[in-house]
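Down below is the structure, laid out as structure tokens.
Chain A is the first sequence line, chain B the second, and so forth, proteins listed ahead of strands; every chain is numbered from 1.
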Amino acid sequence: MRFRAKTSMVPPGEGGLLSTPPSRSVRSKSWYSKRILLVAVVLFVFWFFKPTGPSIQWSASSHQYPAAHPQGAHEIIKTSLRFIYPAIEDVPALQGLGIYTLFSRVGADLVSLNHFDEKDPVEQKTKEETQNAALPDNKIKNDFKNRRKYVYDSTSSSNSPRVVIVSAINYEKYKLQSLVNLIQNRVDYAIKYDYGVYVRWTQEFVAEMNDYEFYTDQEKSKWARLFCLRAAMFAFPHAEWFWFLDEDSLIMNRDVDIAEYLLNPASLDGAMMRSHPLIPPTGIIKSYESTKAEDVELVLTQSRQKIETGSFVLKNTLIAKGILDTWLDKLFLQYNNFPFGPDSAITHILQWHPYFLSKLALVPARMISSLHNPLVPEEERETDPISYFSGDLVAQWIECNSPDSCESILANYVSLLQEP
Amino acid sequence: MASGGFMLQHSDTEKDVEAVELAFDSKNRGSNSNKWKKPWNVSSFTQLAAPVFNAVNSYQKFIVVVCVIIFISFFTSAPVVPHWFLPKDPKVVIILAANEGGGVFKWKGPQEWSVERSSIANKRDYAKRHGYGLTIKDMTLKKRYSHEWRESWEKVDILKQAMRQYPNSEWFWWLDLHTYIMEPQRSLESQFLNNLDNATFRSLEEFNPLAIPEDIAYVDYSKPINLVITQDCGGFNLGSFLIRKSDWTDLLLDAWWDPVMYEQMHMEWEHKEQDALETLYSRQPWIRDGVSFLPLRDINAFPPGACSDNADDQRYFYQEGDFVINMAGCEYGRDCWAEMEHYKAISKRLTNWWRFM
């Protein structure tokens with residue numbers, strides 16, 4: 001409007017177009033196009049940000065979510081040692097203290113003493129140092145509660161062990177020297193192949209089980225295996241496989257590398273028992289015929305009657321964690337009709353859930369869990385699918401029912417190992 | 001539109017057939033009138049065609065093979081053969097659950113037909129506009145679910161079925177029948193799908209109506225988001241949610257219903273699969289690794305009738321400009337048809353020409 005007004009203000013007597021100075025007409029033309037441009041830009045901005053549409057949300061963008069933390073603790077302690085195992089020399093002191101002083105009850109739940117940690121890790125450290133200096137028992141307690149914070153310091157699979165051997169050991173079941181032998185056995189094997197070791201005391205899982213006495217019950221104590229394995233998966237985030245090996249077992253043949261022998265897809269493909277009943281010998285649900293070795297997340301073995309979890313292997317993937325988390329669910333843990341604890345639970349899960357079953361490989365028991373059986377004659381070496389014979393990778397005595405008998409079987413195998 | 005047994009769709013196709021016939025008639029009439037205006041030049045046609053016929057005669061086998069390959073590439077998805085013209089799977093597929101709880105026990109009245117028709121047309125238009133897939137699934141009561149008391153878990157089977165139907169699609173958006181897309185001009189990508197990490201909340205600290213423990217061990221929030229859900233006043237709401245095709249999803253869909261869990265919890269799981277998911281979420285870290293929350297009003301706004309105990313809480317209820325409305329629970333003592341018509345009218349009023357820019 002202003003532009004028009006300006007042109008009309010030019011008096012007609014001054015000679016129309018020719019006499020108007022050229023600079024002036026150029027200026028008003030550019031002025032006009034500038035206006036159009038301005039309107040276009042405004043329209044574009046309007047269209048681009050759509051003020052009539054949903055309001056733009058920038059608020060959540062900078063939000064930081066908390067980092068993953070172990071169960072029963074909020075801090076982690078990084079270690080560069082691939083062998084994470086508890087201080088065996090503390091066992092007499094731990095037994096002296098008793099299990100009731102190592103945990104606390106908050107409401108209905110048993111909690112680790114980490115529950116009372118200071119928020120600030122530095123403050124907590126000074127607090128623990130003062131406590132430890134005051135009383136030697138405090139040091140034992142603090143070390144015990146801090147075990148769950150240890151995490152192997154790795155940034156990728158290149159600086160992480162490929163396989164981690166996981167064990168949960170009940171320190172009241174074996175004598176001090178036997179505990180040393182059990183852990184040493186796993187460490188020796190791991191050293192040879194650059195593997196990792198993750199050992200925890202069964203007693204440490206009192207909080208997870210919410211039961212001070214759970215480890216005195218043979219079937220209930222088996223659940224500690226799964227909690228221990230879950231903790232190991234957190235402690236070695238870049239490992240490829242986790243091999244859970246029960247306390248009542250020794251690795252007898254150090255020349256066999258489990259990765260080459262069982263876990264490489266080619267080996268696993270040959271070892272898998274396909275179309276094999278989950279509950280031997282006549283179970284209706286069978287392992288799949290067509291499972292590919294690359295897809296396997298869980299490797300299990302069977303005794304003559306059922307699936308066993310004394311020695312099994314789990315891959316380190318989100319799916320494997322999902323399988324383990326499902327298996328660990330409280331509704332399975334507290335279910336009354338599972339006579340064999342986690343063994344029954346995984347059998348149930350595999351029978352009802354086809355996707356879980358498609359991730360399973362059943363392998364012959366003697367590959368990773370040969371059972372102790374002194375009565376079987378040497379002639380049956382080729383035909384017996386379960387019992388231990390010299391040369392097998394692992395010897396297990398999961399059926400032993402008194403500390404003394406377990407101790408003597410262990411001593412027997414340790415002496416076999418020490419023979420030249 | 002795969003599932004049969006829909007009177008509605010039947011009537012639609014009838015209309016289509018009529019329309020096609022009409023079109024055919026008019027074409028014929030048109031060609032009749034032009035019949036003698038442009039006659040074929042017969043001699044030049046034979047001259048041109050002769051070498052072609054000769055070539056066909058001398059390379060019969062070769063031409064048969066070429067034709068077969070072309071046929072396969074046009075009309076099938078067989079491997080090895082290139083498929084230039086086969087439509088690609090859409091990135092997002094909308095799954096619309098119809099006939100929920102229906103079947104022989106419940107017959108539909110005219111208002112229910114009307115609600116269903118409006119809801120389907122709404123999603124069909126939306127899917128067409130943004131190039132999404134749409135699959136309508138029949139949720140009538142079936143005996144194979146009732147003998148295991150898992151009617152609600154039929155959802156899981158339908159999700160699996162849809163994922164098989166669209167093997168290359170990434171996201172599947174579940175919508176109950178009583179939902180209405182109020183702002184059809186907005187795509188899911190521009191809403192949140194291209195910016196999931198910032199547009200959604202991975203943890204419960206923002207909004208936690210059930211007081212589920214906010215923090216459990218081992219949860220890694222850096223993992224990809226596979227399930228996008230909303231929460232209403234009563235906890236998780238699965239009337240409108242998105243799930244991504246992945247291994248995680250396969251495992252969840254398999255783990256969701258378990259007889260041992262159900263046996264112990266069926267008295268408490270009033271909302272069946274929703275409560276089961278809450279239970280799994282509350283204690284299994286791998287579930288939290290894949291789940292993310294949107295504010296209810298982003299894809300699942302409620303009318304005043306739902307969540308009526310929290311009537312003054314702005315987070316639940318539809319306000320003009322919200323994307324989707326879910327008339328949740330309208331079949332229990334409210335008038336679904338009236339609500340549907342009400343929101344349809346609002347949507348129509350809001351969809352003015354300047355909003356298409």
Side-chain angles (χ1 to χ4, degrees), chain A residues 43 46-48 50 52-55 57-74 148 208 230-231 233-234 237 295 297 317-332 334-338 344-345 348-349 351-359, chain B residues 160 183 185-186 190-192 195 197-203 205-206 214-224 226 246-248 250-265 279-280 282-290 295 297-298 321-323 350 352 354-355 357:
Chain A
L43 276 176
F46 198 75
W47 170 79
F48 188 77
K50 282 197 176 70
T52 51
S55 58
Q57 297 177 337
W58 306 105
S59 56
S61 61
S62 58
H63 190 81
Q64 283 285 315
Y65 292 106
H69 63 82
Q71 192 139 25
H74 279 269
R148 56 181 75 227
E208 280 86 339
R230 193 66 183 81
M233 290 181 102
F234 179 74
D295 296 340
E297 308 272 349
T317 61
L318 183 58
I319 296 306
K321 283 175 189 153
I323 292 172
L324 184 57
D325 288 343
T326 308
W327 188 2
L328 264 174
D329 195 283
K330 210 168 92 188
L331 290 173
F332 292 134
Q334 70 191 19
Y335 190 57
N336 289 329
N337 296 341
F338 283 160
S344 306
H348 160 81
I349 290 169
Q351 286 184 317
W352 277 89
H353 301 284
Y355 191 74
F356 286 73
L357 186 59
S358 74
K359 300 292 171 194
Chain B
K160 285 185 196 167
E183 303 278 326
Q185 74 279 7
R186 292 192 212 153
S190 70
Q191 289 275 92
F192 52 81
N195 186 26
D197 283 325
N198 292 335
T200 63
F201 296 99
R202 301 297 304 257
S203 61
E205 52 191 50
E206 281 297 317
E214 270 170 33
D215 171 73
I216 61 172
Y218 307 131
V219 182
D220 180 359
Y221 290 114
S222 65
K223 292 275 192 305
N226 286 302
S246 65
D247 286 352
W248 183 93
D250 287 341
L251 193 71
L252 173 71
L253 293 183
D254 198 6
W256 206 327
W257 190 83
D258 182 276
V260 165
M261 293 188 173
Y262 190 72
E263 181 189 327
Q264 296 170 76
M265 300 301 284
T279 306
L280 296 184
S282 68
R283 51 191 180 221
Q284 297 188 13
W286 75 280
I287 301 261
R288 294 188 185 214
D289 284 354
R297 277 175 49 202
D298 279 16
D322 286 352
F323 181 42
L350 290 176
N352 295 312
W354 60 81
R355 308 189 58 116
M357 285 202 302

Walk me through it: do F356(A) and T326(A) pass the test side chain to side chain contact (heavy atoms under 4.5 Å, CB included)? CA-CA 10 Å; F356(A) 286 73; T326(A) 308; 3.9 Å; yes

Given side chains that start at C-beta, do those of D258(B) and H348(A) come closer than 4.5 Å, heavy atoms only? yes

I'd like to know if the side chain of Q71(A) reaches the main chain of A217(B), judged simply by a donor and an acceptor atom lying under 3.5 Å from each other, with no hydrogens or angles considered. no

With a 4.5 angstrom heavy-atom cut-off, which part of E263(B) approaches chain A: side chain, backbone, both or neither? side chain

Just by modelled atom types, is the Q284(B) backbone N or O under 3.5 Å from a matching donor or acceptor in the D325(A) side chain? no

Nearest 0.5 Å please: distance from the CG atom of D298(B) over to the CZ atom of F192(B). 7.5 Å

With a 4.5 angstrom heavy-atom cut-off, which part of D289(B) approaches chain A: side chain, backbone, both or neither? side chain

Contact leader toward chain B among M233(A), K330(A), K321(A), where contacts are heavy-atom pairs under 4.5 Å: K330(A)

Considering only heavy atoms, which portion of Y221(B) lies under 4.5 Å from any heavy atom of chain A: side chain, backbone, both, or neither? side chain

What part of R283(B) gets closer than 4.5 Å to chain A, counting heavy atoms only: side chain, backbone, both or neither? side chain

Cut-off 4.5 Å, heavy atoms of chain B, and the answer for F338(A) is side chain

Counting C-beta onward and ignoring hydrogens, is there a side-chain heavy-atom pair between W286(B) and L324(A) closer than 4.5 Å? no

Side chains of E297(A) and T317(A) only: does a donor on one sit below 3.5 Å from an acceptor on the other? yes

Max heavy-atom pairs within cutoff under 4.5 Å with chain B, candidates A345(A), A231(A), A73(A), goes to A231(A)

What residue, out of G290(B), S190(B), P285(B), S222(B), has the most heavy-atom pairs lying under 4.5 Å from chain A? P285(B)

Answer with side chain, backbone, both or neither: which region of V260(B) has an atom nearer than 4.5 Å to a non-hydrogen atom of chain A? both

With respect to chain B, which residue among D329(A), N337(A), I349(A), L318(A) yields the maximal number of heavy-atom pairs within a distance under 4.5 Å? D329(A)

Tell me which of these, Y335(A), F234(A), F332(A), has more heavy-atom pairs under 4.5 Å with chain B than the rest. Y335(A)

Please report the closest heavy-atom contact between Y65(A) and R202(B), naming both atoms and the distance. OH-N, 2.8 Å

If I measure from the heavy atoms of chain A, does L252(B) come under 4.5 Å with its side chain, its backbone, both, or neither? neither

